[in-house]
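Presented below is the structure to which this report refers.
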Amino acid sequence: MATGQLFSRTTQALFYNYKQLPIQRMLDFDFLCGRDTPSVAGIINPGAEGFQKLFFGQEEIAIPVHSTIEAACAAHPTADVFINFASYRSAAASSMSALKQPTIRVVAIIAEGVPESDTKQLIAYARSNNKVVIGPATVGGIQAGAFKIGDTAGTIDNIVHCKLYRPGSVGFVSKSGGMSNEMYNTIARVTDGIYEGIAIGGDVFPGSTLSDHILRFNNIPQVKMVVVLGELGGRDEYSLVEALKQGKVNKPVVAWVSGTCARLFKSEVQFGHAGAKSGGEMESAQGKNQALREAGAVVPTSYEALEATIKETFEKLVEEGKITPVKEVKPPQIPEDLNSAIKSGKVRAPTHIISTISDDRGEEPCYAGVPMSSIVEQGLGVGDVISLLWFKRSLPRYCTKFIEICIMLCADHGPCVSGAHNTIVTARAGKDLVSSLVSGLLTIGPRFGGAIDDAARYFKDAYDRGLTPYEFVEGMKKKGIRVPGIGHRIKRGDNRDKRVELLQLFARTNFPSVKYMEYAVQVETYTLSKANNLVLNVDGAIGSLFLDLLAGSGMFTKQEIDEIVEIGYLNGLFVLARSIGLIGHTFDQKRLKQPLYRHPWEDVLYTK
């Protein structure tokens with residue numbers, strides 16, 4: 001066991017099992033104390049690496065994250081404190097691993113419920129290697145104005161109130177972390193504050209004892225008096241009794257053992273800590289208090305009298321000239337986190353993203369205000385979800401059915417079209433699903449699948465202006481623009497695209513009006529008189545029919561229809577549909593274990 005001071009203003013720790021709040025509290029304490037460097041050197045998160053962003057005062061810093069204890073110790077050789085926030089299931093193994101690292105000197109185990117047999121092994125290893133274990137079941141410890149472990153001393157407001165941002169003259173040790181916070185406050189009211197405080201933890205076998213730390217305090221010149229808060233159960237306090245009797249402690253010790261009320265109960269009582277259970281007169285609070293009093297400790301008559309006893313002891317040391325009370329200093333203001341400032345109404349901050357289509361803040365996600373459960377319970381389909389997320393309204397069933405038909409008809413068009421070809425080549429190159437999908441999607445544009453918006457835009461403009469098919473087609477020709485939605489490499493006037501016929505049949509049967517589609521058919525009639533392959537293709541059919549859907553449903557204004565066409569909604573329909581086929585081609589190539597594709601020489605014209 002160490003014989004002197006455990007921490008200093010340059011102490012750095014490794015934090016095991018990332019917890020944002022206790023780490024940020026440590027860094028805020030560092031800033032409050034005026035430290036030059038953060039006390040957390042690195043974070044260990046098993047299986048993860050990288051950096052975590054946190055604040056050091058006003059400055060945002062990146063703290064390295066390591067996947068193993070060994071890697072963290074190698075990267076930060078000056079960090080000699082290991083703060084273990086692992087669960088009770090893994091706390092012992094990770095603590096032992098840390099103790100075996102030559103750079104680690106102190107291990108604090110926060111978890112409760114660590115098996116006693118494991119704890120005994122940790123204690124034996126630590127003592128034989130001159131290392132310190134604080135805990136298990138501890139909140140940790142603090143050296144005022146220098147370093148603190150995790151959540152020790154609670155909030156920044158409490159730390160300031162207890163004057164822990166600068167060193168005092170009192171050494172404090174307790175079993176209880178919660179009572180430590182209370183005692184820091186008590187000590188600050190009647191003395192110049194603590195120099196160091198330790199909560200050894202409430203388990204039956206603590207890694208270090210009350211007397212271990214009191215003997216350390218006796219060797220620290222800045223500690224002028226010691227305050228001890230024990231509790232019933234166990235016999236840890238008797239090691240302090242022996243140390244006092246043997247004259248190993250030459251500084252005033254004010255002590256109190258809580259749990260005197262246990263005698264009021266007829267049967268044995270188990271208090272909050274695992275070790276807080278009296279096993280006879282020696283383990284009772286009264287028995288321990290009497291033994292401490294007889295050994296020379298200053299023991300009050302009750303817990304209520306403890307504060308006055310501490311004050312009296314401190315003032316006596318001041319009168320004797322053994323303590324020169326610390327001069328008060330004003331700590332810096334810790335910048336308030338934006339989230340807490342917003343909640344308290346102190347500031348208002350602009351948002352960075354606007355979303356009107358979905359909301360995941362409640363008990364379940366909502367699409368355009370419709371809860372997910374409602375969508376499922378009503379038996380709505382993909383078309384209904386698209387209507388909510390794309391158009392922010394529930395469209396009639398014939399509209400959502402049309403959307404679903406478009407998706408089904410456009411899902412795939414064989415392996416030879418450019419998108420599928422790209423996806424197949426990429427998949428055969430061993431690339432992952434997303435890469436293969438994207439390589440196919442990137443071919444979508446004016447020449448492949450991306451003409452739906454243009455077809456809708458030009459058909460709408462021509463119809464709304466009252467142009468005849470002749471005026472429309474010839475006007476486009478003069479501008480050097482091909483009519484979007486007209487023409488096909490394979491289909492002819494006497495071999496129509498079945499997909500177009502199915503879409504037209506559905507629309508004529510279900511749509512209130514098909515004026516834009518009929519106009520597109522009239523345009524097709526004129527273009528077929530010029531060439532047999534200038535048929536209305538699936539892009540033109542979907543583009544014109546979507547205009548009829550938008551206009552005929554009565555749910556969109558003219559301005560909304562123009563905006564939908566301009567933004568590119570209709571091409572989005574093709575992208576969504578074709579993604580299904582491209583994913584299928586990727587899986588197909590992977591399943592068939594196809595080798596890397598190389599284009600055959602004989603299919604290339606090599607020319608100068």
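Both backbone and side-chain heavy atoms feed into the values below; hydrogens, waters and symmetry mates do not. We number each residue from 1, following the sequence as shown.
For K251, the NZ atom counts as densely surrounded, since its 6.0 Å shell holds more than 12 non-hydrogen atoms of other residues, nucleotides or ligands. Within a 6.0 Å sphere centred on CD of E242, other residues, nucleotides and ligands contribute more than 12 heavy atoms. Q20 CD: more than 12 foreign heavy atoms inside a 6.0 Å radius. A 6.0 Å sphere centred on CD of E363 holds no more than 12 heavy atoms belonging to other residues, nucleotides or ligands. For CD of E70, the number of neighbouring non-hydrogen atoms (other residues, nucleotides, ligands) closer than 6.0 Å is greater than 12. H161 NE2: 12 or fewer foreign heavy atoms inside a 6.0 Å radius.
Between the side chain of E116 and the main chain of F205, no donor-acceptor pair closer than 3.5 Å is present. Of the possible donor and acceptor atoms, none in the side chain of D203 sits under 3.5 Å from a partner among the backbone N and O of A137. Within the 3.5 Å criterion, the main-chain N or O of S128 finds no donor-acceptor partner in the side chain of K131. At least one donor-acceptor pair under 3.5 Å links the side chain of R35 to the backbone N or O of T11. T313 places a side-chain N or O within 3.5 Å of a backbone atom of T309 that can act as its donor or acceptor partner. Although no hydrogens or angles enter the test, the distance criterion places a donor-acceptor pair under 3.5 Å between the side chain of N219 and the main chain of T3. Remark: side-chain polar atoms of K53 are not paired, donor with acceptor, to backbone N or O of E60 under 3.5 angstrom. For the pair T426 (side chain) and S439 (backbone), a donor-acceptor distance under 3.5 Å is absent. Side-chain atoms of R166 do not come within 3.5 Å of backbone N or O of P331 as any donor-acceptor pair. N218 places a side-chain N or O within 3.5 Å of a backbone atom of N250 that can act as its donor or acceptor partner.
Residues P38 and Q12 share a closest heavy-atom pair of O-NE2, 2.8 Å. Of all heavy-atom pairs spanning A188 and C162, the tightest one is CB-O, 3.4 Å. Closest of all the heavy-atom pairs between M26 and V40 is CE-CG2, 3.8 Å. Nearest heavy atom pair, residue I69 against residue S94, reads CD1-O, 3.4 Å. Closest heavy-atom contact between A91 and V114: CB-CG2, 4.0 Å. The heavy-atom pair separating V173 from L210 by the smallest distance is CG2-CD2, 3.8 Å.
The ring of F85 has its center closer than 6.0 angstrom to the ring center of F15.
Checked by atom type, the side-chain pair D80/T103 shows no donor-acceptor distance below 3.5 Å. Between the side chains of E364 and S373, a donor-acceptor pair is found at a separation under 3.5 Å. In summary, the side chains of S174 and S176 do not present any donor paired with an acceptor at a separation below 3.5 Å, with no hydrogens or angles considered. Counted by atom type alone, E283 and Y238 present zero donor-acceptor pairs between their side chains at under 3.5 Å. When only modelled atom types and interatomic distance are considered, T155 and N158 share no side-chain donor-acceptor pair under 3.5 Å. Using a 3.5 Å distance cut-off with no hydrogens or angles, the side chains of K311 and T191 do not pair a donor with an acceptor.
The existence of a salt bridge linking K245 and E294 is excluded, since no basic side-chain nitrogen approaches an acidic carboxylate oxygen closer than 4.0 Å. Electrostatic pairing of E231 and K288 does not count as a salt bridge here, judged by no charged N lying under 4.0 Å from a carboxylate O.
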Any chance you could lay out the side-chain contact (heavy atoms from CB on, under 4.5 Å) test for L292 and L240, step after step, and finish with the verdict?
CA-CA 8 Å; L292 286 166; L240 172 57; 3.8 Å; yes
Residue pair Y367, I357: steps toward the side-chain contact (heavy atoms from CB on, under 4.5 Å) verdict
CA-CA 6 Å; Y367 293 167; I357 64 170; over 6 Å; no
Report the C-alpha distance between I220 and Y195 in whole Å, list the side-chain angles of each, state the deciding distance to 0.1 Å, and finish with yes or no for side-chain contact (heavy atoms from CB on, under 4.5 Å).
CA-CA 10 Å; I220 300 174; Y195 184 80; 3.7 Å; yes
Could you go through the side-chain contact (heavy atoms from CB on, under 4.5 Å) check for L27 and F55 one step at a time?
CA-CA 7 Å; L27 298 175; F55 282 100; over 6 Å; no
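Using a 4.5 Å cut-off on side-chain heavy atoms (C-beta onward), I83 and L14 make no contact. Looking at heavy atoms from C-beta onward, I104 lies in side-chain contact with C73 at the 4.5 angstrom threshold. Taking the side chain as every heavy atom from C-beta outward, H66 and I43 never approach each other to under 4.5 Å. Put simply, the side chain of V65 does not reach to within 4.5 Å of the side chain of Y18, judged on heavy atoms. A 4.5 Å side-chain heavy-atom check between F172 and I198 finds every atom pair outside the cut-off. Between V227 and I187, some side-chain heavy-atom pair lies under the 4.5 Å cut-off. When side chains are defined from C-beta on, T68 does not count as touching P46, because their heavy atoms never get closer than 4.5 Å. At least one side-chain heavy atom of N17 sits less than 4.5 Å from a side-chain heavy atom of N45.
Interatomic distance, CD1 of I63 versus CG of L54, reported as 5.0 Å (0.5 Å rounding).
Residue V133 is tested with L99, N84, D212 for a side-chain contact (heavy atoms from CB on, under 4.5 Å); the sole match is L99.
Taking the six-membered ring for Trp and thresholds of 30 and 60 degrees, Y16 and F82 have ring planes inclined between 30 and 60 degrees apart.
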